[in-house]
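These values consider heavy atoms only, across backbone and side chains, with no hydrogens, waters or symmetry-generated copies. Values in this document were obtained by computation on a predicted structure and should not be read as measured data. So that the names make sense, note that chain A is the first sequence line, chain B the second, and so on, each numbered from 1.
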Number of protein chains: 2
Amino acid sequence: MIATSTDVSKPKVATRKRLIDAAARLFALHGYNGLTMRSVALDAQANIAAANYHFGSKDAMVLEMLRERVQPINERRLELLNQAKNNQAGRPLTTHQIFHSLIFPIGEEISKSTKSRCSLAQLVARTFTEPVHFIEKMHQRFFSQIADIYYLELSLVYPNAPAREIYWHLHLAVSSMLGALAQHRRLNDFSRGHCAENDVGAMITRLIQFITHGFDRGIKTQF
Amino acid sequence: MIATSTDVSKPKVATRKRLIDAAARLFALHGYNGLTMRSVALDAQANIAAANYHFGSKDAMVLEMLRERVQPINERRLELLNQAKNNQAGRPLTTHQIFHSLIFPIGEEISKSTKSRCSLAQLVARTFTEPVHFIEKMHQRFFSQIADIYYLELSLVYPNAPAREIYWHLHLAVSSMLGALAQHRRLNDFSRGHCAENDVGAMITRLIQFITHGFDRGIKTQF
DNA sequence: GAGTTTTTCAAACAAGCGTTTTAATTGATT
DNA sequence: AATCAATTAAAACGCTTGTTTGAAAAACTC
């Protein structure tokens, strides 16, 4: 259908990839409703019917695009988490290590695509503020299991803290991360030029610290 | 035109108010692109042309709705901030006091409208993730001066910290606040029932603490 | 209560939406 | 070179969008 087993052809997969890339950029910029099949086709220099041919529908296209963008980040998260656990050799992790593994991979992906910089940050953030029916499809599919894993790790660090507190603070941490990603492009204006928004590394480092402090102190002052 | 000086009539202003309320709810639920004039008219039990008659256009209607929702919150913020300053009688404020005055008023407004609960949180948050052209209009109009005031207060608390650090951490604080508001409705699912999302007071209290810790420790560890 | 203004209403407008259809074109395998 | 599936292309489908129109209704003024 789409690709044979010995696939070395170029223009065939190219259109599909161009559509995905265009969809990613336009979704990040304008959200689900603001993304139109025509704008995607125009941006990808493809025909209006191409997207429907390759993906079947707008919904399917956007979900596939999100899958391709989110999956590598989630895989990297678990990789870093397991790496840290191996280094600790049985001793409990620090919350900084845990949040580092959660947030750092996003920074890596943002830095990779030097061209579309902020768009990935916005893309990830937008998946959490899009129209209800669409989030639910996506959120359950890509993030619910990750959330479970991180809850478990944090509850191991604070075995005496009640589940409610762990959940509350993890929720605040994740929400803060998403907020920071969503607002990042405003940093330059907001700071009146004092902070450069193209310094993704600085953003990620500070974000990890900020969230770690918020989480740790919030739990520790009670237990 | 719309209302005389001795205004005791009901149905005249009622339609306009019903439109604003409907616009607020639908904007919070579906965002700017997801809000349609027809859906607003239907929700407000008004004619399709009513909104255009009263406001001129969709853009003008939504901006007016935002103004009516955001302005009282901003006024209350400055009220609480000045209250705290008077209580301190010249001594520097604590960051907790500052962030309390920033965040608490939103909680008050959310609690007021018991009917549409989470919708205000989502509404405020959505104003920051909506299509670019629309944010810029709105953000500059309602939030830029507030940001300046809070930067100033925080720089008085940490007079030795460079402006860059204050801006960075304030940006993270505001972003976290917005993220938490945007994600609040997901709290119940996220925590697998451990945290009740209808407890707005608990959310606000924890959020203020979380952000204060993130801000304070981030600045203090460096200066 | 006539006259004027303000507000409501149903209907229609052009433009844009996701999707479908049908035909032309491509490219690899036979 | 011929064949056949995979892909692209142009045009149109039915539907929804924000906005406009012109007349009816309501409210207010004098």
[X], nearest nucleotide to its side chain (from [options]):
{"X": "A:Y53", "options": "C:dT8, D:dG18, D:dT7", "result": "D:dT7"}
{"X": "B:K58", "options": "D:dT19, D:dA9, C:dA10", "result": "D:dT19"}
{"X": "A:T36", "options": "C:dG18, D:dT19, D:dT17", "result": "C:dG18"}

How do A:G56 and A:G34 order along DNA chain C: which one's closest nucleotide is nearer the 5' end?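 Of the two residues, A:G34 wins.
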In this structure, how many angstroms lie between the [atom2] atom of [N] and the [atom1] atom of [X], rounded?
{"X": "B:N47", "N": "C:dT8", "atom1": "CG", "atom2": "P", "value": "9 Å"}
{"X": "B:L42", "N": "C:dA10", "atom1": "CG", "atom2": "C1'", "value": "15 Å"}
{"X": "A:I48", "N": "C:dC17", "atom1": "CD1", "atom2": "C1'", "value": "11 Å"}
{"X": "A:F55", "N": "D:dT7", "atom1": "CZ", "atom2": "P", "value": "11 Å"}
{"X": "B:N52", "N": "C:dA12", "atom1": "CG", "atom2": "P", "value": "19 Å"}
{"X": "A:L26", "N": "C:dG18", "atom1": "CG", "atom2": "P", "value": "11 Å"}
{"X": "A:D59", "N": "C:dC17", "atom1": "CG", "atom2": "C1'", "value": "14 Å"}
{"X": "A:N33", "N": "D:dT16", "atom1": "CG", "atom2": "P", "value": "15 Å"}

Euclidean distance, B:H171 NE2 relative to A:L187 CG, rounded to 0.5 Å: 4.5 Å
Spacing of CE belonging to A:M65 relative to CZ belonging to A:F55, to within rounding of 0.5 Å: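 Reported value, rounded in 0.5 Å steps: 10.0 Å.
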[N] phosphate, OP1 or OP2, under 4.0 Å from [X] side-chain N/O:
{"X": "B:S57", "N": "D:dG18", "value": "no"}
{"X": "A:H54", "N": "D:dA6", "value": "no"}
{"X": "A:T15", "N": "D:dT7", "value": "no"}

May I ask you to decide whether A:R25 forms a salt bridge with A:D21, counting only side-chain N to carboxylate O separations under 4.0 Å?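 A:D21 and A:R25: not salt-bridged.
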How is A:A51 classified with respect to the nucleic acid when contacts are heavy atoms under 4.0 Å: base, sugar-phosphate, or nothing?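 The answer is nothing, as A:A51 stays clear of every strand by at least 4.0 Å.
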Let me spell it out: for each of A:A50 and A:R38, pick the nucleotide of DNA chain D with the closest heavy atom. Which residue's pick is nearer the 5' end?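 Nearest-nucleotide comparison on DNA chain D picks A:A50.
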Which is it for A:K85 and A:E153 under the salt bridge (charged side-chain N to carboxylate O under 4.0 Å, His left out) test, yes or no, and what are the steps along the way? CA-CA 10 Å; A:K85 286 168 83 170; A:E153 286 304 326; 2.7 Å; yes
Taking atom CD of A:Q71 as the centre, report whether more than 12 heavy atoms of other residues, nucleotides or ligands fall under 6.0 Å from it. yes
